[in-house]
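These notes are about the structure you will find just below.
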Amino acid sequence: MKKYFNILSLVCLITIMVSCKKGFLEESSQDLVRPTTTTALNQLMTGEAYPLSSATALNDYLDLLTDDIQSDYNANAIIVAGLNKYAPIYTWQKDMLDRLLDVAPTNNNTWFNYYARIKGCNVVLDLVDGVEGPAAEKENLRGQALALRSFYYFTLVNLFGNPYVGTGVNPETDLGVPLILTAEVSDTPKARATVKEVYTQIEQDLLKAVPLLEANGTGNHVYKFTGTAAKLLLSRMYLYMGNWDASIQYADAVIANKPTLKQYNEITTTTFPIAYGVASPEVIWGYGSSTEVTAMPFGLAAGVAAKSAFSISDSFISTYETADLRLTYNFRNSAYLTNVIVSYKSGSAKYNLANPTISNGKAFRTAEAYLNRAEAYIQKAIAGDASAVTKALADINLLRSNRIRTANYAAINLTNPQDLYAYYKAERRRELSLEDHRWFDLRRWGRPAMTHTIQLVAGSPQTVTLNQNDNRYTLGIPTEAFNRNPNLVQNP
């Protein structure tokens, strides 16, 4: 009999015993309770594979690595504590995850959190053929598990592996992350696969998932993976790989099925939740626990001054036009610090949690499909395809026309591909702010030099530099992972 991790088995047992009717499960060993129906397996996947509950928040620090965030010193002891807590992340220390785990383990045990979700996907894939239920339900579960696993591996390889393209990288030899494709326990821990091997597995899983979900998952609600969500991830993956035609192909498919952008000029309330799947026409897949965004170290929870230790950077805010409605609906002024704009995800229009019990913290959105396609067209224009400029401009201007105040809107008409590329990168940054894109975009756009200034002691600010192509653009693997798997190799 196959053996599965006892911890996961115990969690599955507790979760399903609480939420399922008696009879869904049967005990097949002292350590493992197996789902016997597609209904029970679906409930297991919801609890163990999807990142929805407060217990499965994956991280709350990614944006602190970027140039979108600045440090805001205040003598308030709670704010100083917040600065000290996240200083290792903000200053790109190679052991940042070890140090963060010491003070904030819940949402920041990155390696374990993602592999725990992958384990949930693998359990579903291992068991789906053996449960009772309609064939269509089984194939829907299989498609969701494959797509989810791809999403987790995509994130992991972009945290702990080098970019797929760029100066000084080689995906065929650079180490990515271990590929664990079954829930069965192995006596030999997996070594790190190469970046290319991880991407190949992601691609294979997504290409299998798309037809399964399109044939069997059309009724999946917005918090479940669908064929459209899998296609958007394929478009993103191919963009990262520099495969412009494939990225366009899948962006086209997403837009054909989900073309609508929210017109910000039509918003009549200050709390329109642009990333809340029930309310926004742009949301393709809503994911992430609401606690993941309310716990952001630079968010500002009501009455918690510590949350304003970090804020949206002045340099980033200055890139927005005055008439850009994203300034109104994505951000909020601090109640504690004068003239400081903070991310207020749980209170801004972008991330308003209209129903905290079911609302997501993050989302796959249609806006990304337009942006992915525009970037791919710009790259084709740079390579000599003159017609691609017009196509890229159409996508960028469509997005802007839904974001800029109507009375002030004017289409851009940059015909030089390099100028358009520079404008596009700034527009992508504005649109996808605080949605876990910026750090990964910086990595694939040449890992540029960046500085962060932080003041932990009054009167003693320090500036830390991340050099171009710095090894720290690839995170160090946490010590806990080595304790679990001695076959790992640390990043430089």
One pair to check against ring pair (Phe, Tyr, Trp, His ring centres under 6.0 Å): Tyr287 and Tyr50. What are the steps and the verdict?
CA-CA 8 Å; Tyr287 71 96; Tyr50 276 99; 9.9 Å; no

Please find out if less than 6.0 Å separates the ring center of Trp111 from that of Phe160.
yes

Would you call Glu427 and Arg430 a salt bridge, taking side-chain N to carboxylate O under 4.0 Å as the test?
yes

If you define the side chain from C-beta out and look only at heavy atoms, does anything of Glu132 sit under 4.5 Å from Thr38?
no

Residue pair Ile267 / Tyr264, side-chain heavy-atom distance below 4.5 Å:
yes

Using side chain to side chain donor-acceptor pair (under 3.5 Å), reason through Gln263 and Asn265 one step at a time and then give a plain yes or no.
CA-CA 5 Å; Gln263 175 51 264; Asn265 285 278; 2.7 Å; yes

Is NZ or CZ of Lys425 both nearer than 6.0 Å to the six-membered ring centre of Trp445 and within 45° of the ring axis?
yes

If you apply the rule side-chain contact (heavy atoms from CB on, under 4.5 Å), what do you find for Asp441 with Tyr240, and how did you get there?
CA-CA 8 Å; Asp441 284 342; Tyr240 282 35; 4.0 Å; yes

Cut-off 3.5 Å, side chains only: do Asn42 and Glu137 have a donor facing an acceptor?
no

Candidate pair Arg365 and Glu435, rule side-chain contact (heavy atoms from CB on, under 4.5 Å), full reasoning:
CA-CA 10 Å; Arg365 295 192 292 117; Glu435 295 184 55; 2.8 Å; yes

So does Thr194 get a backbone contact from the side chain of Glu197, meaning a donor-acceptor N/O pair under 3.5 Å?
yes

In short, Ala381 meets Ala388 closest at the heavy-atom pair N-CB, 3.8 Å

Proximity of Phe310 and Tyr90 rings by center, below 6.0 Å
yes

Can a donor-acceptor pair be found, under 3.5 Å and without considering hydrogens, that links the side chain of Arg403 to the backbone of Lys262?
yes

In the structure I gave you, are the side-chain heavy atoms of Gln249 and Lys231 within less than 4.5 Å of one another anywhere?
no

Can you tell me how far NZ of Lys224 sits from CG of Leu148, rounded to the nearest 0.5 angstrom?
8.5 Å

Residues Asn372 and Ser247: side-chain donor-acceptor under 3.5 angstrom
no

Show your reasoning for whether side chain to side chain donor-acceptor pair (under 3.5 Å) applies to Asn122 and Thr182.
CA-CA 5 Å; Asn122 287 338; Thr182 177; over 6 Å; no

Decide yes or no for Asp436 and Lys362: does some side-chain heavy atom of the first lie under 4.5 Å from some side-chain heavy atom of the second?
yes

Minimum side-chain heavy-atom gap Glu214-Val210 below 4.5 Å:
yes

Exactly one of Leu213, Thr226, Thr46, Val124 clears side-chain contact (heavy atoms from CB on, under 4.5 Å) with Gln144, and that residue is Leu213

Between Trp285 and Tyr223, does the ring pair (Phe, Tyr, Trp, His ring centres under 6.0 Å) criterion hold? Intermediate values first, please.
CA-CA 6 Å; Trp285 173 48; Tyr223 301 114; 9.5 Å; no

Is there a side-chain contact between Arg438 and Leu432, using heavy atoms and a 4.5 Å cut-off?
no

Check whether more than 12 heavy atoms from other residues, nucleotides or ligands sit under 6.0 Å from atom NZ of Lys94, and answer yes or no.
yes

Please report the C-alpha distance between Asn471 and Asn491 in whole Å, then the side-chain angles of each, then the deciding distance to 0.1 Å, and finally whether the side chain to side chain donor-acceptor pair (under 3.5 Å) criterion is met.
CA-CA 8 Å; Asn471 283 338; Asn491 289 319; over 6 Å; no

Considering all heavy atoms of both residues, which atom of Leu239 and which atom of Glu375 are nearest to each other, and what is their separation?
CD2-OE1, 3.4 Å

Should Leu233 and Leu206 count as side-chain neighbours, where that means a heavy-atom distance under 4.5 Å?
yes

Nearest atoms (heavy-atom pairs only) where Ala147 meets Phe225
CB-CD2, 3.5 Å

Do Arg428 and Tyr424 meet the criterion of a side-chain donor-acceptor pair at a distance under 3.5 Å?
yes

Say you draw a straight line from OH of Tyr61 to CG of Leu64; how long is it, rounded to the nearest 0.5 Å?
10.5 Å

Between Tyr370 and Asn402, does any side-chain donor sit less than 3.5 Å from a side-chain acceptor?
no

Shortest non-hydrogen contact between Ala183 and Lys119, atoms and distance:
O-NZ, 3.0 Å

Ile118 versus Phe151: any side-chain heavy-atom pair under 4.5 Å?
no

Smallest separation among heavy atoms of Arg192 and Gly176, with atom names
NE-O, 2.7 Å

Between the main-chain N or O of Ile180 and the side-chain N or O of Tyr153, is there a donor-acceptor pair closer than 3.5 Å?
yes

To the nearest 0.5 Å, what is the distance between CG on Leu398 and CG on Leu393?
12.0 Å

Between Lys258 and Glu282, is there a side-chain N and carboxylate O pair less than 4.0 Å apart?
no

Criterion side chain to side chain donor-acceptor pair (under 3.5 Å) on Asn158 and Tyr199, from CA distance to verdict
CA-CA 10 Å; Asn158 279 284; Tyr199 269 81; 3.3 Å; yes

Step by step, work out the side-chain contact (heavy atoms from CB on, under 4.5 Å) result for Asp98 and Glu480.
CA-CA 8 Å; Asp98 286 339; Glu480 183 185 39; 5.8 Å; no

Donor-acceptor pair between Asn162 and Asp174 side chains, under 3.5 angstrom:
yes

What distance do Ser235 atom OG and Ile255 atom CD1 have between them, rounded to the nearest 0.5 Å?
8.0 Å

For residues Trp244 and Tyr377, establish whether the separation of their ring centroids is below 6.0 Å.
no

Which atoms form the tightest heavy-atom contact between Pro189 and Asn485, and what is the distance?
CB-OD1, 3.0 Å

Interatomic distance, CG@Asn257 vs CG@Leu232, rounded to 0.5 Å, equals 11.5 Å

Rounded to the nearest 0.5 Å, what separation is found between the OG1 atom of Thr36 and the CG atom of Leu41?
10.0 Å

If you measure from the Lys or Arg side-chain nitrogens to the Asp or Glu carboxylate oxygens, is any gap between Asp68 and Arg429 under 4.0 Å?
yes

